Structures are given as structure tokens and as C-alpha cells.
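Sequential numbering from 1 along the given sequence is applied to the chain's residues. Values in this document were obtained by computation on a predicted structure and should not be read as measured data.
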Amino acid sequence: MEASENDNAAPFAKWRSDFSRLFQHYLDKSTPHPLQRWLGTLAVAMIYVLRVYYVQGFYVVSYGLGIYVLNLLIGFLSPRVDPELEALDGASLPTRGSDDFKPFIRRLPEFKFWYSITKAFIIAFSMTFFSVFDVPVFWPILLFYWVVLFVLTMKRQILHMIKYKYVPIDIGKKRYGGKKSSASSSD
């Protein structure tokens with residue numbers, strides 16, 4: 001009897017392994033294409049919003065999704081090593097040009113941020129097909145509470161960023177003036 005159970009489990013394990021490997025292959029291929037990844041996530045988010053609007057429900061699921069996305073955003077905007085805790089240890093951010101430069105390293109890298117948000121929207125979308133998750137609530141209260149929570153959290157995060165002078169978002173490649181070539185100055 002045990003042999004037949006192992007025979008039935010083996011094809012499933014092989015399929016799961018093959019699927020996992022293929023999924024990881026496509027994730028790896030998407031890594032250098034952040035704009036396309038985020039556009040895909042935006043499409044998934046719009047489909048979710050249209051689904052919630054169409055069925056006029058699942059506001060608790062949407063609220064939970066919003067709280068989760070806010071939590072991910074905080075991790076994305078926060079440094080891996082908190083300057084407040086580092087200052088207590090005696091180490092701090094550079095204050096003079098002669099100090100060592102410490103680049104901003106996120107607590108949650110962009111790829112993991114994108115992957116987690118996309119997964120969250122897909123799971124929330126799947127939940128909209130089960131009526132057990134459609135808890136009746138007065139949605140304007142949830143929306144108001146989420147907006148207040150978002151504003152207070154972002155205010156605290158922005159004040160932290162200003163206090164420790166770090167910018168978590170870098171757009172484009174940095175260009176430096178540098179020295180002119182020596183060939184043009186020797187003429």
C-alpha cells in the first residue's frame with residue numbers, strides 16, 4: 001500500500017519541482033525590467049479594484065491589503081540599519097567630507113517589494129471569489145481610518161528621513177562633473 005502512495009506522490013512532486021523551477025526562471029528574467037514589472041503589477045491592481053467595484057464588497061479584504069501594502073512601503077523607505085540605533089552604538093552617518101560614505105540600503109529591496117505587492121494583490125483578488133471573506137462593514141470608516149494611518153505613518157517616516165538626511169529613492173543614473181580630460185587642458 002505504501003508503494004502506491006509513493007507512486008502517486010512522485011508525479012506531483014516532479015510537477016511541483018518543474019513548476020517551481022519555471023516560475024523562478026521567469027522571476028529571474030524579469031529582474032532587470034522594473035518598469036515592465038511595475039506596469040504588470042499596476043494592471044493586476046486595476047483588475048482587483050474593478051473586481052471590488054463590480055461586486056460592491058470585500059472592503060475588509062481591501063483594508064487588509066491596504067495595511068499590508070503600507071507596511072511594505074515602510075520597509076521599502078526605511079534603511080536597513082536605523083540611524084537612531086546606530087547613533088546609540090557610537091557609529092553615525094558621515095557629517096564631514098572626510099568621513100566614510102555609507103550608501104542607503106533599503107530594509108526591503110525593490111524586487112522583494114514588487115514581488116510581495118503583486119502576490120498580495122493576486123491573493124486578495126482570489127479571496128473575492130469566496131463569499132466568506134465578504135464581511136459587511138461601513139466602508140467609509142475603513143477608508144478614513146486607513147487614510148489617517150497612512151498620513152501619520154508617512155509623516156513620521158518623512159521626518160525620520162529629514163532628520164537623518166537620507167533619500168530612499170534614486171531616479172536615474174548619477175552623473176558627476178569630474179575633471180576635464182588632460183588632453184584638452186595641455187593645448
Side-chain angles (χ1 to χ4, degrees), residues 8-9 11-82 84 104-162 166-171:
N8 291 339
F12 177 73
K14 183 182 179 335
W15 175 84
R16 187 171 155 216
S17 173
D18 291 345
F19 178 78
S20 176
R21 191 174 300 115
L22 184 65
F23 183 72
Q24 188 62 47
H25 171 75
Y26 284 114
L27 271 181
D28 292 343
K29 284 184 77 163
S30 73
T31 302
H33 307 288
L35 180 63
Q36 291 84 351
R37 284 189 283 118
W38 282 103
L39 287 175
T41 299
L42 183 62
V44 169
M46 292 306 299
I47 291 169
Y48 173 75
V49 168
L50 288 173
R51 170 78 178 150
V52 168
Y53 178 75
Y54 175 72
V55 297
Q56 295 291 309
F58 298 96
Y59 302 120
V60 172
V61 172
S62 298
Y63 176 73
L65 176 65
I67 294 295
Y68 181 69
V69 168
L70 180 61
N71 187 30
L72 290 175
L73 183 63
I74 299 276
F76 180 70
L77 295 176
S78 299
R80 179 181 290 167
V81 178
D82 192 357
E84 284 181 346
F104 179 78
I105 300 172
R106 290 178 169 71
R107 186 181 326 152
L108 181 65
E110 183 270 337
F111 185 81
K112 288 183 179 180
F113 178 56
W114 164 80
Y115 183 64
S116 297
I117 284 180
T118 305
K119 229 176 16 176
F121 271 104
I122 291 170
I123 290 169
F125 179 75
S126 301
M127 291 172 75
T128 63
F129 291 98
F130 301 99
S131 62
V132 71
F133 297 115
D134 190 12
V135 179
V137 293
F138 187 60
W139 66 267
I141 292 174
L142 287 179
L143 180 63
F144 176 74
Y145 184 65
W146 186 85
V147 168
V148 167
L149 194 62
F150 178 81
V151 168
L152 292 175
T153 304
M154 285 295 108
K155 177 184 173 193
R156 184 178 55 103
Q157 188 67 32
I158 290 170
L159 289 174
H160 192 267
M161 289 162 50
I162 291 170
Y166 65 89
V167 180
I169 298 173
D170 55 343
I171 299 173

Pair F129 + F125: ring centers closer than 6.0 Å: yes
Validation row: M154, L70 side chains within 4.5 angstrom (heavy atoms): yes
Sequence-distant partners of D28, salt bridge (Lys or Arg N to Asp or Glu O under 4.0 Å), two or more places apart: none
Within the 6.0 Å centroid threshold, strictly below: W38 and F113: yes
Check: R107 side chain, G75 main-chain N or O, donor-acceptor pair, under 3.5 Å: no
Flag, side chain of S20 to backbone of R16, donor-acceptor distance under 3.5 Å: no
Close side-chain approach of K155 and I158, heavy atoms under 4.5 Å: no
Beyond-backbone contact of F150 with W146, side-chain heavy atoms, under 4.5 angstrom: yes
Side-chain touch T118/R37, heavy atoms, less than 4.5 angstrom: no
Mutual orientation of the aromatic rings belonging to F121 and Y48 [parallel < 30°, tilted 30-60°, perpendicular > 60°]: perpendicular
From Q157 atom CD to M161 atom CE, the distance as rounded to the nearest 0.5 Å: 6.5 Å
Sub-4.5 Å side-chain heavy-atom contact between L149 and I67: yes
S30 side chain reached by W114 side chain, heavy atoms, under 4.5 Å: yes
Pairs involving residues 114-126, ordered by first then second residue, that meet salt bridge (Lys or Arg N to Asp or Glu O under 4.0 Å) (sequence neighbours left out): none
